[in-house]
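A note on names: the letters A, B, ... follow the listed sequences, proteins ahead of strands, and every chain is numbered from 1. Below, each value reflects all heavy atoms present in this structure, side chains not excepted, and no hydrogens, waters or symmetry copies. What you are looking at is a predicted structure, and each value in this text was computed from that prediction instead of being measured.
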Amino acid sequence: GENVEQHPSTLSVQEGDSAVIKCTYSDSASNYFPWYKQELGKRPQLIIDIRSNVGEKKDQRIAVTLNKTAKHFSLHITETQPEDSAVYFCAARLYNFNKFYFGSGTKLNVKP
Amino acid sequence: DVKVTQSSRYLVKRTGEKVFLECVQDMDHENMFWYRQDPGLGLRLIYFSYDVKMKEKGDIPEGYSVSREKKERFSLILESASTNQTSMYLCASSRGRGAKQETQYFGPGTRLLVL
């Protein structure tokens, strides 16, 4: 099956700085890569996703990049704000399967 | 707006008890999932279902079973609870396969403590 590794496990940045979270996957058949944000005590919610036929996707301060050759994808948050503090999970889905494989999570702390 | 609900936010059970966790979604989604979330391990898939009465094992099915008698409801059963099943359990649903149908919507979670 697929194996998704996520780094770093914790990340502390100053408000206004950028944050980058990286994930690698093992199965080249994976074709869909969502990112979820889980605030303390709340459910994970999708914030952005990318498919294997594109290399980058942006939504306001959030962007995701995908390198299929190297099998890694990254979440970029610019101009971080305290409300960005949360645990972020990456995931990968094998082509034509319903199973998602999640990374171990990154706890982002944005210091005011 | 998609709504996924779970029967309990917190549960305390004793070793050996049979435990039922229920999940209901109100958007006619085909796929439903049960995960457990443990610190440092992320979300691990226990079971999923892509149709009524259909189920498939995830990565950690041992000690669990599931039931999907109706499309909107997916139950996770711990036949004989053990202390290593103490965890946060998250249910999720998604519409189906294909582009724009893969987004998973999560329930609020059930924090289970097995004593």
Can you give the donor-acceptor pairs under 3.5 Å from side chains of residues 14-21 of chain A to other protein atoms, not counting sequence neighbours?
| unit_1 | atom_1 | unit_2 | atom_2 | d |
| --- | --- | --- | --- | --- |
| A/Gln14 | NE2 | A/Pro112 | O | 3.3 |

- For residues A/Phe102 and B/Tyr35, establish whether the separation of their ring centroids is below 6.0 Å. yes
- Item | Heavy-atom neighbours of A/Gln45 CD exceed 12 at 6.0 Å | no
- Using non-hydrogen atoms and a 4.5 Å limit, figure out which bit of B/Gln104 sits close to chain A: side chain, backbone, both or neither. both
- Message: Quick check on B/Arg44: does its CZ atom have over 12 non-hydrogen neighbours (other residues, nucleotides or ligands) under 6.0 Å away?
- Response: yes
- Message: If hydrophobic clusters are built by linking Ile, Leu, Val, Met, Phe, Trp and Tyr wherever their side-chain heavy atoms come under 4.5 Å apart, do A/Ile47 and A/Leu108 end up in the same one?
- Response: yes
- Message: As an exercise, state the distance from OG of A/Ser104 to CG of B/Leu43, rounded to the nearest 0.5 Å.
- Response: 10.5 Å
- Message: Out of A/Pro44, A/Gly105, A/Gly41, return the one with the most heavy atom pairs under 4.5 angstrom to chain B.
- Response: A/Pro44
- Message: Assess the residue pair B/Asp59 and A/Tyr101 against the criterion (side chain to side chain contact (heavy atoms under 4.5 Å, CB included)); give the C-alpha distance rounded to whole Å, side-chain angles, the decisive distance to 0.1 Å, and a yes or no.
- Response: CA-CA 9 Å; B/Asp59 300 312; A/Tyr101 297 85; 3.7 Å; yes
- Carefully, step by step, assess B/Phe48 and A/Phe100 under the rule side chain to side chain contact (heavy atoms under 4.5 Å, CB included). CA-CA 10 Å; B/Phe48 69 101; A/Phe100 286 77; over 6 Å; no
- Beyond-backbone contact of A/Phe89 with B/Gln37, side-chain heavy atoms, under 4.5 angstrom: yes
- Enclosure of A/Lys107 NZ (heavy-atom neighbours >12, cutoff 6.0 Å): no
- In Å and rounded to the nearest 0.5 Å, what is the NZ to CG distance from A/Lys99 to B/Leu45? 6.0 Å
- Between B/Tyr10 and B/Tyr89, is there a shared hydrophobic cluster once you connect ILVMFWY residues whose side-chain heavy atoms come closer than 4.5 Å? no
- Within one Ile-Leu-Val-Met-Phe-Trp-Tyr cluster: B/Val66 and B/Leu11, side-chain cutoff 4.5 Å: yes
- Task: For chain A, find which of B/Gly40, B/Gly107, B/Gly109, B/Pro39 contributes the most heavy-atom pairs closer than 4.5 angstrom.
- Result: B/Gly107
- Message: Within the supplied structure, the quantity of interest is the number of heavy atoms (other residues, nucleotides, ligands) at a distance under 6.0 Å from B/Leu115 CG; does it exceed 12?
- Response: yes
- Tell me, for B/Arg9 versus chain A, whether the close heavy atoms (under 4.5 Å) come from the side chain, the backbone, both or neither. side chain
- Message: Within this structure, what is the OH-CZ distance for the pair B/Tyr105 and A/Arg43, rounded to the nearest 0.5 Å?
- Response: 12.5 Å
